[in-house]
Amino acid sequence: MSHLLEGLNPEQWAAVTTTEGPLLVIAGAGSGKTRVIVHRIAYLLDQGLARPEQILAVTFTNKAALEMKERIHQLVPPSRRRGELLIATFHSFCVRMLRRHLDRLGGAYTRDFTIYDADDQGRLVKACLKELGLDEKLYPPRAIQYGISAAKNRGETPDTLPPSSDPKRDALIKAFRLYETRLAAANALDFDDLLLLAGRLLRRFQDIADDYNDRFRYILIDEYQDTNPPQLSLTRLLTQQRQNLCAVGDPDQSIYKFRAADIRNILDFERHYPKAKLIVLARNYRSTKTILAAANAVIQNNRARRKKDLATENAAGEPIRCFVAANAEEEADFVVREIIAWQRRQEPLPAAEARAAVLYRTNAQSRSFEEACRRRGLPYALVGGFSFYERAEIKDALAYLRLLLNPHDDAALERVVNVPPRGVGKATLDILTARAASDGVSRWTAMTRLLEENGLGARALTALRGFAALIESLQSALAGAKLAELVRMVLARSGYDAMLKQEGTLEAEGRKQNLDELISAAAEADERGERLREFLDRAALVADTDDLEESARVTLMTIHSAKGLEFPLVFIAGLEEGLFPHARAAHDDEDLEEERRLFYVALTRAKRQLYLTQAERRRVYGEERLTDPSRFLDEIPEALLTTQAGPTTAGRRAGEGMRALQPTANPDLRRFPKPKPAGAPRSSWSAPAAAGSFKVGDRVEHATYGAGQVVRVADGKLDIAFPGKGVKRFVAEAAPLTRISRQ
DNA sequence: AAGTGCCCGTTGTTC
DNA sequence: ACGGGCACTT
């Protein structure tokens with residue numbers, strides 16, 4: 001057991017071995033927080049204080065859970081970890097609980113419920129607004145969706161919200177009420193419901209609460225600063241008997257307020273758990289002194305915070321390099337060149353030491369970095385954006401599978417009832433929707449009723465009978481078939497395969513490949529012994545960060561996605577007012593402090609070398625604008641910074657695309673954006689394509705999307721199908737295209 | 001019912 | 001600049 005405590009500093013040691021009663025570990029960035037959790041679990045097992053199944057560890061992402069499991073496996077001999085050690089996110093933990101007990105809540109919900117993701121949720125909100133006759137322009141669906149979620153997380157229901165004469169408020173309440181009704185009819189739960197209903201189970205049924213309290217003798221929660229009120233409530237319910245709770249987090253890294261995270265959960269921990277002990281881990285093992293000094297200086301500007309200064313014994317290291325590029329393209333190009341140069345210098349070192357990350361505030365910024373990487377032939381991994389499970393064909397296939405377990409899943413039915421086209425048009429769908437609404441049932445039930453009554457046109461009746469028969473026959477195949485077989489069956493019998501085959505385009509080929517990938521994923525699930533239920537739950541709960549490829553040496557991602565990760569080399573891009581801090585956070589002190597915490601998170605990802613970049617001009621909504629440097633740049637002591645003179649690679653004319661460090665603010669320039677110089681030279685990779693020089697069938701190479709095929713040419717625009725990425729439309733002259741061959 | 005053309009909002013971060 | 005939604009066409 002001594003090896004478990006080896007190399008831990010006194011605070012870490014205390015955090016590992018203080019096992020009884022509530023414990024709050026305030027762990028600064030890079031202070032070995034994950035290490036403490038891993039060792040604590042190992043210690044509990046090693047000391048015989050708990051068997052694996054008596055421990056629950058909650059992580060922020062599924063990816064973090066997997067990593068933690070691996071590290072525990074390395075530390076604990078197999079004999080000590082017989083039994084299931086549960087490491088999960090709050091959401092996946094709640095799904096487990098609900099799959100077991102949801103029936104007991106009564107009402108419409110059963111254990112076969114479907115999980116609605118944000119996309120399904122958005123569709124439902126739109127449908128509700130439509131049904132209520134509310135104008136989407138006056139009541140933006142996104143705002144309503146957000147409002148519903150926020151209300152739910154405050155513990156509100158449509159009935160607890162006071163009626164209001166404010167039309168917006170009134171619309172929200174009406175939409176909220178209908179939304180809940182429709183969710184129930186579809187036997188569907190959204191992400192918020194997962195937490196809320198699990199809490200309700202524990203609150204309403206003492207035996208369930210007792211069961212869980214008995215089972216989990218030790219509970220550990222990572223990233224505690226980002227828990228929301230339902231999660232706090234769950235935590236309290238799960239720890240009411242023993243209070244063996246270890247919460248680990250850093251108030252300075254609370255960055256999920258928009259998701260209802262409440263920083264007070266960690267600040268008020270000692271009020272929630274009066275017997276709590278507090279341990280502060282203030283030694284940083286990750287970053288150089290320079291990087292840490294910058295991070296400390298920045299975070300000190302937050303007023304609402306408990307003072308805590310991190311210190312490190314690491315070397316001072318290199319100064320932080322700042323670069324101001326002329327525009328986003330040059331910013332990206334600079335970053336990529338610097339990465340290549342850096343990696344060349346790291347050559348003798350193991351690949352892990354040459355890993356780099358490019359961090360940005362918004363997903364939209366990823367594009368220029370992707371293009372730059374492709375241009376320079378630098379392999380990269382992109383986190384976020386469109387993940388595998390968000391692709392249309394994958395969602396279609398999953399929708400079929402969802403229907404097999406829960407035919408009342410309206411979102412799934414709507415998605416595939418006419419995919420492939422089987423003659424169920426808009427008119428038919430409208431009748432179906434209206435009937436479902438008037439009867440207060442799912443579309444599936446409405447369909448069954450209409451079929452019985454012959455209440456539709458002959459063509460629609462035949463089409464829907466065929467669809468119903470398809471789903472039912474697949475349902476009967478469910479029990480015996482392996483998952484991979486089942487997916488194949490769905491694609492074959494639904495006609496999806498045939499549809500793609502008939503299209504015969506490159507795009508269809510790509511979609512087929514993606515579906516083959518899904519079949520492989522199903523086969524892997526088969527090997528793990530998973531059932532369809534688990535397979536679908538996993539698909540609904542995986543985050544984009546979860547499939548981060550370890551092998552890639554360059555990772556592009558938002559700062560939010562980078563939470564918990566570290567890299568020897570880090571670039572923080574787009575340090576401009578309005579972008580970072582984001583314009584929507586600039587006028588509210590609380591939001592601004594959260595932006596600053598986000599910047600703090602970004603800074604502290606870096607181990608050895610840090611770059612901060614700004615684009616002097618940036619296109620926003622298609623319009624090029626001059627930018628101001630981020631106020632956060634001013635918060636870093638100048639002594640820690642250095643001007644980066646420009647790309648270190650040779651072959652570039654001196655001065656080209658380079659600027660001084662602190663962007664010299666020329667007020668005139670700021671106020672009057674220069675018009676784009678006519679015929680500004682584009683980078684060399686963009687082979688100029690004369691409008692009309694492409695025709696349908698041409699195979700082309702796009703700088704970002706790769707190989708594709710022209711499927712339509714109209715009024716100077718090109719529609720190009722990219723395998724697996726869908727059809728994109730481009731302005732013929734502006735698109736970075738090269739022809740591969742003419743058909 | 002499916003395909004084409006035009007208008008408008010969008011990009012803030014995610015389990 | 002781009003995609004979704006809608007109206008209009010076949």
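Order of the sequence lines fixes the chain letters, A, B, ..., with proteins taken first and strands second; residue numbering starts at 1 for each chain.
Spacing between atom CG of A/Asp120 and atom C1' of B/dC15 amounts to 14 Å, rounded to whole angstrom units. Summarising the geometry, the separation between CZ on A/Arg597 and P on B/dT13 is reported as 18 Å, rounded to the nearest angstrom. Atom OH in A/Tyr621 sits roughly 16 Å away from atom P in C/dG3 (whole-Å rounding). Rounded to an integer number of Å, the gap from CD of A/Gln121 to P of B/dC15 is 14 Å. As rounded to whole Å, 14 Å separates atom P of B/dT14 from atom NE2 of A/His91. Whole-Å rounding puts the A/Ile255 CD1 to B/dT14 P distance at 9 Å. What separates CZ of A/Arg259 from P of B/dT13 is a distance of 14 Å, to the nearest Å. For the pair A/Asp591 CG and B/dT13 P, the interatomic distance rounds to 15 Å; values are reported in whole Å.
Applying the 5.5 angstrom centroid cut-off and the 30 degree plane-angle cut-off, the aromatic ring of A/Phe258 is stacked upon the base of B/dT13.
Candidate nucleotides B/dG12, B/dT13, B/dC15 were compared by shortest atom distance to the side chain of A/His560, and B/dT13 ranks first. Counting only heavy atoms from C-beta on, A/Glu595 has its side chain closest to B/dG12 among B/dC15, B/dA1, B/dG12. Comparing C/dC2, B/dT10, C/dG4 by their closest approach to the side chain of A/Arg367 singles out C/dC2.
Across all strands, A/Lys126 comes closer than 4.0 Å only to sugar-phosphate atoms, never to a base (heavy-atom distances). Heavy atoms of A/Phe60 sit under 4.0 angstrom from primed sugar atoms or phosphate atoms, though from no base atom. At a threshold of 4.0 angstrom between heavy atoms, the contacts of A/Gln231 with the nucleic acid are absent.
In this structure, A/Arg584 reaches the B/dG12 phosphate: one of its side-chain N or O atoms is under 4.0 Å from OP1 or OP2. Residue A/Ser561 places no side-chain N or O under 4.0 Å from the OP1 or OP2 atom of B/dT13. Proximity of A/Thr558 to the phosphate of B/dG12: no side-chain N or O atom is located under 4.0 Å from OP1 or OP2.
By the 4.0 Å N-to-carboxylate-O rule, A/Asp262 lies too far from A/Arg154 to be salt-bridged with it. A salt bridge between A/Glu67 and A/Lys63 is present, with a side-chain N of the basic residue lying under 4.0 Å from a carboxylate O of the acidic one.
Classification of the A/Phe632-A/Phe599 ring pair by plane angle, with boundaries at 30° and 60°, yields parallel.
Heavy atoms from other residues, nucleotides or ligands lying under 6.0 Å from CD of A/Glu590 number 12 at most. The neighbour count for A/Asp589 CG, taken as heavy atoms of other residues, nucleotides or ligands under 6.0 Å away, does not exceed 12.
Less than 4.0 Å separates DNA chain B from at least one heavy atom of each of the following residues of residues 414-430 of chain A: A/Asn418, A/Pro421, A/Gly423, A/Val424, A/Gly425, A/Lys426, A/Ala427. Contacts of residues 357-365 of chain A with DNA chain B (heavy atom under 4.0 Å): A/Arg361, A/Thr362, A/Asn363, A/Ala364.
Judged by a 6.0 Å distance limit and a 45° cone about the ring axis, A/Arg511 is not positioned over the six-membered ring of A/Tyr496.
Checking A/Arg617 against A/Asn327 by side-chain atom types alone, no donor-acceptor pair falls below 3.5 Å.
Judged as a ring-ring contact (aromatic ring centres under 6.0 Å, His included), and not counting sequence neighbours, the contacts of A/Tyr256 are A/Phe60, A/Phe258, A/His560.
Between A/Arg415 and A/Asp396, the shortest heavy-atom distance links the atoms NE-OD1, 2.8 Å.
For the pair A/Thr462 (side chain) and A/Ala458 (backbone), a donor-acceptor distance under 3.5 Å is present.
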